2 protein chains.
Amino acid sequence: MARQKQTELAVLGVLGVQPMSGYAVRAAIRDQLGFFWSESFGQIYPTLSALHARGEVEKHDGARPGSSLYSLTPTGRRRMLSLLEQPDSPTPRRDGFMLRLFFGRSLGPDACRELVAQARESAAHQLAVYQAIRAQVESETEYAEHKAYWLITLSAGEHTTRAAIAWADETLEKLDLSRGAYLL
Amino acid sequence: MARQKQTELAVLGVLGVQPMSGYAVRAAIRDQLGFFWSESFGQIYPTLSALHARGEVEKHDGARPGSSLYSLTPTGRRRMLSLLEQPDSPTPRRDGFMLRLFFGRSLGPDACRELVAQARESAAHQLAVYQAIRAQVESETEYAEHKAYWLITLSAGEHTTRAAIAWADETLEKLDLSRGAYLL
DNA sequence: TCATTCATGTAAGTGGTTACATGATTCA
DNA sequence: TGAATCATGTAACCACTTACATGAATGA
């Protein structure tokens with residue numbers, strides 16, 4: 001799937017849950033999909049215009065003057081479904097942290113240790129955030145069916161983050177051993 | 001750290017292990033860093049030129065006519081070190097698979113199950129690849145110090161992938177339960 | 001009244017991929 | 001002899017971010 005269409009999918013997707021403004025679309029993506037997706041205004045507004053031009057979303061007057069509420073048309077819903085079914089072509093990974101660690105020999109064991117320790121901290125923090133969100137989502141009473149899928153993606157985040165912590169702990173140990181060897 | 005400089009870091013980094021041609025730089029990045037980094041020719045050659053213009057790499061005649069061997073100059077090595085020490089600013093995540101799953105309610109439980117099952121398969125395959133590479137790297141006798149860091153990044157991949165498998169298994173179970181409930 | 005949030009949009013720039021063009025060398 | 005690999009580079013395009021510009025509404 002062309003990567004461009006993924007932005008359209010994200011926008012159509014959140015609009016499929018309920019109608020909202022462009023600003024709210026961004027907030028929804030940031031707050032609900034933020035851990036594995038992001039869109040900026042510079043993407044959202046033009047996408048919304050294009051979607052509107054193609055009749056996939058409807059534009060209504062919003063609560064404030066100048067603001068608009070967008071909602072999916074039947075065409076839009078069909079489009080979302082068809083995008084959803086297309087296999088995604090993942091963007092090539094570019095993990096700066098791993099890149100640094102790979103060249104760790106040049107960085108030196110101390111700096112590497114620091115890097116991994118920081119990564120461990122931020123993963124631990126992330127895990128706490130996930131769990132706070134989980135509690136919040138679980139207590140939510142609306143969108144019961146959608147909730148289940150939200151929790152599934154959250155759970156993926158939790159698994160990955162716990163793995164990151166375990167890896168960091170293991171790596172710190174290795175690094176300490178080799179540092180010990182180095183100091184002999 | 002500006003994202004652009006990361007390409008320079010990757011190029012300087014592999015050149016820091018040993019001098020090689022632009023073509024070989026790409027091969028090294030693909031084969032050794034491929035799981036968490038990627039560069040295309042369209043990036044590598046211009047970067048190499050820029051690095052050369054700034055005196056960070058030296059250009060020597062390669063084995064074939066028209067081919068070049070690039071190696072780090074002392075300036076280049078210092079530059080690599082300084083880039084290595086700068087904190088990285090991660091690109092925002094865009095995980096198309098999670099995006100789809102988040103909108104799973106629209107996709108339907110069967111299609112979701114299929115999606116997750118596929119993800120599980122590809123993770124299992126990935127894990128086998130990691131382990132093959134691990135065996136190969138471990139048997140390598142050169143670059144002993146560098147090897148340790150390579151294995152550390154490999155281990156990160158293994159942890160993440162095992163977590164993905166565990167998550168998939170858990171999720172498949174959940175999905176089957178809810179599908180059962182749906183069918184009642 | 002003043003900061004914050006809601007709201008919409010554009011312009012410039014960046015970082016990157018893809019496809020193309022070209023040609024030598026190696027090896028089956 | 002012909003396919004695969006080694007080798008270098010460019011041009012067009014793409015998705016996306018950042019910064020900017022603007023202004024109304026809300027609420028402390």
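Keep in mind that this is a model prediction, so the values were computed, not measured. Letters A, B, ... mirror the listed sequences (proteins, then strands); counts begin at 1.
- Per the geometry, NZ belonging to A:Lys5 stands 13 Å off C1' belonging to D:dC14, to the nearest Å.
- Rounded to an integer number of Å, the gap from B:Leu48 CG to D:dT8 C1' is 10 Å.
- The CZ atom of A:Arg93 sits 15 Å away from the P atom of C:dT17 (whole-angstrom rounding).
- The phosphate of C:dT17 (OP1 or OP2) has a side-chain N or O of B:Ser38 nearer than 4.0 angstrom.
- Between the CD1 atom of B:Ile44 and the P atom of C:dT17 there is a distance of 9 Å, given to the nearest Å.
- Regarding A:Tyr45, its OH atom lies at a distance of 14 Å from the C1' atom of D:dA21, rounded to whole Å.
- Within residues 15-23 of chain A, the residues that place at least one heavy atom under 4.0 Å from DNA chain C are, in residue-number order, A:Ser21, A:Gly22, A:Tyr23.
- Two rings, from A:Tyr70 and A:His60, have their centers 6.0 Å or more apart.
- Residues from residues 57-66 of chain A that place a heavy atom under 4.0 Å from any atom of DNA chain C, listed by number: A:Arg64, A:Gly66.
- Between A:Phe103 and B:Val14, the closest side-chain pair of non-hydrogen atoms falls below 4.5 Å.
- Using a 4.5 Å cut-off on side-chain heavy atoms (C-beta onward), B:Met80 and A:Ser106 make contact.
- Salt bridge B:Glu173/B:Arg113: absent, no basic N to carboxylate O contact under 4.0 Å.
- B:Lys5 places a side-chain heavy atom less than 4.5 Å from the side chain of B:Arg79.
- Rounding to whole angstrom units, CG of residue A:Leu9 and P of D:dA15 are separated by 14 Å.
- For the pair A:Glu158 and A:Arg134, the salt-bridge criterion is met [side-chain N within less than 4.0 Å of a carboxylate O].
- Counting non-hydrogen atoms under 4.0 angstrom, A:Ser68 reaches the backbone sugars and phosphates but no base.
- Rounded to a whole Å, the CH2 atom of B:Trp37 is 11 Å from the C1' atom of C:dG15.
- Below 30°, between 30° and 60°, or above 60°: for B:Phe41 and B:Tyr23 the angle between ring planes is below 30°, a parallel geometry.
- Taking the ring pair (Phe, Tyr, Trp, His ring centres under 6.0 Å) definition, one finds that A:Tyr130 meets it with A:Phe35, sequence neighbours left out.
- A salt bridge is defined here as a Lys NZ or Arg NE, NH1 or NH2 lying under 4.0 Å from an Asp or Glu carboxylate O, and B:Glu39 with B:Arg30 fails to meet this definition.
- Side-chain proximity of B:Gln43 to C:dT8, D:dT10, C:dT17: nearest is C:dT17.
- Taking atom CZ of B:Arg26 as the reference point, atom P of D:dG9 lies 15 Å away to the nearest angstrom.
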